[in-house]
**Q** 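First, the structure itself, so that you have it in front of you.
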Amino acid sequence: MIHSLFIINSTGDVFLEKHWKSVVNKSICDYFFEAQSRQSNPDDVPPVIATPHHYLINVYRSNLYFVAVVTTEVPPLFVIEFLHRICDTFEDYFNDCSESILKEHFVIVYELLDEMLDNGFPLAVESNVLKELIKPPNFLRTITDTVTGKSTSVSATLPTGQLSNIPWRRTGVKYTNNEAYFDVIEEIDAIIDKSGTTVIAEIQGYIDCLIKLSGMPDLTLSFVNPRLLDDVSFHPCVRFKRWEAEKILSFVPPDGHFRMMSYHIGANNMVAIPVYLRHNISYRDGSGGRFDVTIGPKQTMGKSVENVVLEVPFPKSVLNVTLTCTQGKNSFDPVSKLMTWDVGKIDPAKLPSIKGNITLQTGVPIPESNPTITVMFTIQQMAVSGLKVNRLDMYGEESLPSTGSKSGVKKFLPSSKYKPFKGVKYITRAGKFQVRT
Amino acid sequence: MTDSKYFTTTKKGEIFELKAELNSDKKEKKKEAVKKVIASMTVGKDVSALFADVVNCMQTDNLELKKLVYLYLMNYAKTQPDVAIISVNTFVRDCEDPNPLIRALAVRTMGCIRVDKITEYLCEPLRKCLKDEDPYVRKTAAVCVAKLHDINAQLVEDQGFLDALKDLLSDSNPMVVANAVAAISEILETSDTAASSLEMNSNTINKLLTALNECTEWGQVFILDSISNYNPKDDKEAQSICERVTPRLAHANAAVVLSAVKPLLPIFVSSCRPDILKTEMKVFFVKYNDPIYVKLEKLDIMIRLTNQGNIAQVLAELKEYAAEVDVDFVRKSVRAIGRCAIKVEQAAERCVGTLLDLIQTKVNYVVQEAIVVIKDIFRKYPNKYESIIATLCENLDTLDEPEARASMIWIIGEYAERIDNADELLESFLEGFQDENTQVQLQLLTAIVKLFLKRPTDTQELVQQVLSLATQDSDNPDLRDRGYIYWRLLSTDPAAAKEVVLAEKPLISEETDLIEPTLLDELICHIASLASVYHKPPNAFVEGRGTMRRSLPRNQSGEAPLGEAAAAAPAAPIQQPTVIPGVDSLIGDLLDMDLGGPTPYQQQQMMNQMPPSAPAAQPQGAIDLLGEGLDNLLGGGGGGLDSLGLSDIFGSVSQSSFYTPPQEVWLPANKGKGLEVTGTYARRNKQIYMELTFTNKAMQPMMGFAIQFNKN
């Protein structure tokens, strides 16, 4: 499976290497650098690179390349997913995954990598299991360590969750305030053509949870209109049979943050397009051109469109733009030729607009095509698909066998009766929302 | 207190300092020292000199220290096998530790120390750990068997670890099962002998399916991969596998989803494969900030999904893409427009219009790419769009890429009678003949010969010039041979030459970049793995892999799989459409028609059967090669008629009057990976000949032929 891992920073230094089998010389990364040098954009580096004896599979996260070396036939997605999981774990432990942070905690990094894979096979990957094995760095503990002279970052006992059939949750979780939050997030991916017609529009939806509940709660979540969802994928905790039969999400949640479900709604007619652009971009020979764009709300169900940002990637032949906008701020990066207009909130009574001149480099032909404008926005308290959570129920906590049950005396744990605080939030935002002009 | 400080110690005498610290009495100091050693190790410094001192720190109760020492051992044990032996005792003791975490850690680390002497001591503790009461230890031990197999396969088989591993497949804990499966598949990758003892049967598959629900996502990938290697006995079993695997398609982990597709695909979608994505065209529309490799892949899929129903939409998109900034992507988009024209006849006119619009932009690489595809359009729809030739000729001077130049020359040669100044145009190319790319030279030669045959009166000089350039001033054998053939044809029998050179060309087919059906079947079995990324079977690129091949289970009703049917369908009685040639295949073929694809590439070989060493055996020398080329030129394709191609063409036929039975198929294409062998026996001049015809029905060139005759 995964033979070795190299972590490479943006200047091209291999600053961390880990081998799970025999050692692979880091000169293997030269193949990677070669492929990297051919691309100007770091995201364009092909994820799988073939070398004569090895295959390099990489992901690009937090300005670092995580390059895995494999020698046998493997599912590449397996490796890619796993590399992302490694980054997630680092972020989980250190709140960040930058070079300096990883170097700062390199012993923990090594212990983690060692625990996560054995002989290239995933070993312990669930965050709660890892945290029991290797404690995350913690300011208070560092002080106690320095005072007592003992280090406690490695646990000496086997984590409880490692072998249970719900490996994602550890036992003995306790909170004074029991809370469960659900965020229904929908992202609109769309391509709108010159005339304003929708070429393609789809919704990518997620339900992200923050669960802080004591004990082993068993939750069910139902929707008002579950029929909207036919293309879904779930966190392993969700009982799939129950969903298939009743369209109810039934699960024992992991502790803390996790993505419970993601879904995809593909039919064009289901997707309301919340904003429109009026645009007029034209170039003239010799002098330059005119740029005039107005943005307005379309189908927003009465909610206001916020955090609107427009990005216009101008062609290389554009020297500069002088634009004035009626609201917000705009800036132009002369190197990347990217114009960014931070609009803010759209007031339907007074539509924001931006206009001005484009200066072309002298002596170059006028651009053949107009730029594709990327639009970003957020709409609070609305899921554009109309998806609505019906209710959330908690079971199971009372029925947990308590320690005293054998002697016949039923002794309830103090956590077995609590009323959690529940909250659901809806957000719609732009995913890859592009308008061709 | 951070760890980054360990990276900054680079002063002299560091090793000695570390040595002193490692031998310190204070535990804390020891640990600090080991950390420093590990830090140096990670940045690639050689700290192997401290081996004995570090190993001495191993006997400790402190788990963190123990782990660090283990980490060091894994890295350096190989360099110091003799000293490493002293660690064995600690390992063996740790394998008996009451704490399962330590037992597992010990067995895990021992497997990573690739020193033969240590491996021998590993067997007993490993055997115990495989039967440990704690599943955590068992699952670690399962992986250790794979490690051991990698170091010493014979030892693993002799010690019966394979059976122990197989027993773990029935373990009560799903995680143990998953790791056992992973270990087994790794062992199978490298070993042929293990295959017999580790073969899956319906019983083990059942156990795997049970474990599938409960193990981790990574374990699910291993189990699903393993299930996909198993061919279900009957429909009922296949159905039950489907039922248990299908829920995995809704997993959040993409690797699990794709691995779940793997066992499902061969079972029940072979019949509707081409239609699966028919309605999903829009998913593949390109967003301008997609990574370039995604863009190119999406474009590929779009072309494959194009049909009459969605052509308008696709064409509008392609036109949009052709105006983007990325050169590779724009080129491929332009090419895609041409492909659409060839694929959907009703839209051809619109596609040609779009291409003309693009040529008007005068963007150099767009123009060149457009001309290349327009040549293909002419091949598909002859005598339909000549009106645009004038526009093409306007751009003659800007063409600097060989493929575009060759295409333009082909167009001029093909329509020489309608282009008034064709001779001037071709002559202008001829000036720099020596510096041209081979592809362009070959095209130019053919085009001028065509021109001569069409307008013999005023182009005689030109043809003389090109023939002498090709035959006398060139070092390229392809070019020289082609020149000579034309020369002899023209001088011997101009009428025959006309028939040969100006013969009606077969139409090219709409199917582009087809993957050879048998390869496709194999790749489907390997979906989700590297093979599907590279479009190659795994044994073509993974080292140390046996010749294990997978293929789709044949449909029981005897119906041919669709891929093959599609390949056979366009075989018209006279004209067989050919696949659009790649750049390289254009070289060396006389009529600039490609002979790959469904049109068989015929290679005839006369072999004297007995005695094998008789002088009559004709290897494929120069004559034979010519024979084969001319054979095709004559539109023969009948195969097995003549042994002496050249003499045949000059009329001196020496055919036998004996009865020769018609050729029979000895090796059908679907069994020979696309290679079809037909043959018969014949008697000529009192000698017995075996006539063999090899036909490449695959979409790829074949090479490296060898024939072996066994004693009868």
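To find a chain, count down the sequence lines: A is the first, B the second, and so on, and within it residues start at 1. Please read all numbers here as calculations on a predicted model, not as lab measurements.
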**Q** So which of A:Pro47, A:Pro315, A:Ser262 has the biggest tally of heavy-atom pairs under 4.5 Å with chain B?
**A** A:Pro47
**Q** Below 4.5 Å from any heavy atom of chain A, which atoms of B:Glu320 appear? Answer side chain, backbone, both or neither.
**A** side chain
**Q** For B:Val221, is it the side chain, the backbone, both or neither that has a heavy atom under 4.5 Å from a heavy atom of chain A?
**A** side chain
**Q** Among A:Met1, A:Glu126, A:His84, who wins on heavy-atom pairs under 4.5 Å with chain B?
**A** A:Met1
**Q** What heavy-atom pair brings B:Cys112 and A:Trp20 nearest, and what distance separates the two atoms?
**A** SG-O, 4.5 Å
**Q** Show me the donor-acceptor pairs within less than 3.5 Å that the side chains of residues 245-254 of chain B make with the rest of the protein, sequence neighbours left out.
**A**
residue: B:Thr246; atom: OG1; partner: B:Cys242; partner atom: O; Å: 2.3
residue: B:Arg248; atom: NH2; partner: B:Asn213; partner atom: OD1; Å: 2.6
residue: B:His251; atom: ND1; partner: B:Asn253; partner atom: N; Å: 2.9
residue: B:Asn253; atom: OD1; partner: B:Ala255; partner atom: N; Å: 2.8
residue: B:Asn253; atom: ND2; partner: B:Glu217; partner atom: OE1; Å: 2.9

**Q** Using the test side-chain contact (heavy atoms from CB on, under 4.5 Å), find all partners of B:Arg108 that sit at least two apart in sequence or belong to another chain.
**A** A:Asp114, A:Glu115, A:Asp118, A:Leu123, B:Leu105, B:Thr140, B:Lys147
**Q** Under 30°, 30 to 60°, or over 60°: which ring-plane class applies to B:Trp218 and A:Phe82, parallel, tilted or perpendicular?
**A** perpendicular
**Q** Test your reading of the model: is there a side-chain donor-acceptor pair from A:Ser369 to the backbone of B:Ala323, 3.5 Å cut-off?
**A** yes
**Q** Can you see which heavy atom on A:Asp44 is nearest to which on B:Tyr293, and at what distance?
**A** O-CD2, 3.5 Å
**Q** Can you name the nearest heavy-atom pair linking A:Ile200 to B:Val283, along with the distance?
**A** CD1-N, 4.1 Å
**Q** List the steps and the verdict of side-chain contact (heavy atoms from CB on, under 4.5 Å) for B:Gln313 and A:Val199.
**A** CA-CA 9 Å; B:Gln313 239 179 355; A:Val199 177; 6.0 Å; no
**Q** Backbone N or O of B:Pro291 within a donor-acceptor pair of the A:Asp43 side chain at under 3.5 Å?
**A** no
**Q** Relative to chain A, which segment of B:Val286 carries a heavy atom at a distance below 4.5 Å: side chain, backbone, both, or neither?
**A** backbone
**Q** At a heavy-atom distance under 4.5 Å, which candidate from A:Arg85, A:Met260, A:His19, A:His54 has the highest pair count against chain B?
**A** A:Arg85
**Q** Would you mind reporting whether B:Tyr288 and A:Thr374 have side-chain heavy atoms less than 4.5 Å apart?
**A** yes
**Q** Report which part of B:Val294 has an atom under 4.5 Å of a heavy atom belonging to chain A: side chain, backbone, both, or neither.
**A** neither
**Q** Would you indicate whether the side-chain heavy atoms of A:Pro75 and B:Leu258 approach each other to under 4.5 Å?
**A** no
**Q** How long is the gap from CG on B:Leu68 to OH on A:Tyr110, to the nearest 0.5 Å?
**A** 11.5 Å
**Q** Tell me the closest heavy-atom pair linking A:Val48 and B:Leu530, and the distance in Å.
**A** CG1-CD2, 3.7 Å
**Q** Tell me, side chain or backbone of B:Tyr70 under 4.5 Å from chain A's heavy atoms, or both, or neither?
**A** neither
**Q** Between A:Val45, A:Asn41, A:Val14, which shows the greatest number of heavy-atom pairs under 4.5 Å with chain B?
**A** A:Val45
**Q** Name the option with the most non-hydrogen atom pairs under 4.5 Å to chain A; the candidates are B:Asn179, B:Leu71, B:Val256.
**A** B:Leu71
**Q** Let me know if B:Asn289 has heavy atoms under 4.5 Å from chain A in its side chain, its backbone, both or neither.
**A** both
**Q** State whether the number of non-hydrogen atoms from other residues, nucleotides or ligands found under 6.0 Å of B:Lys29 atom NZ is greater than 12.
**A** no
**Q** Taking A:Lys21 first and then B:Glu186, would you say they form a salt bridge - that is, a charged N and a carboxylate O separated by under 4.0 Å?
**A** yes
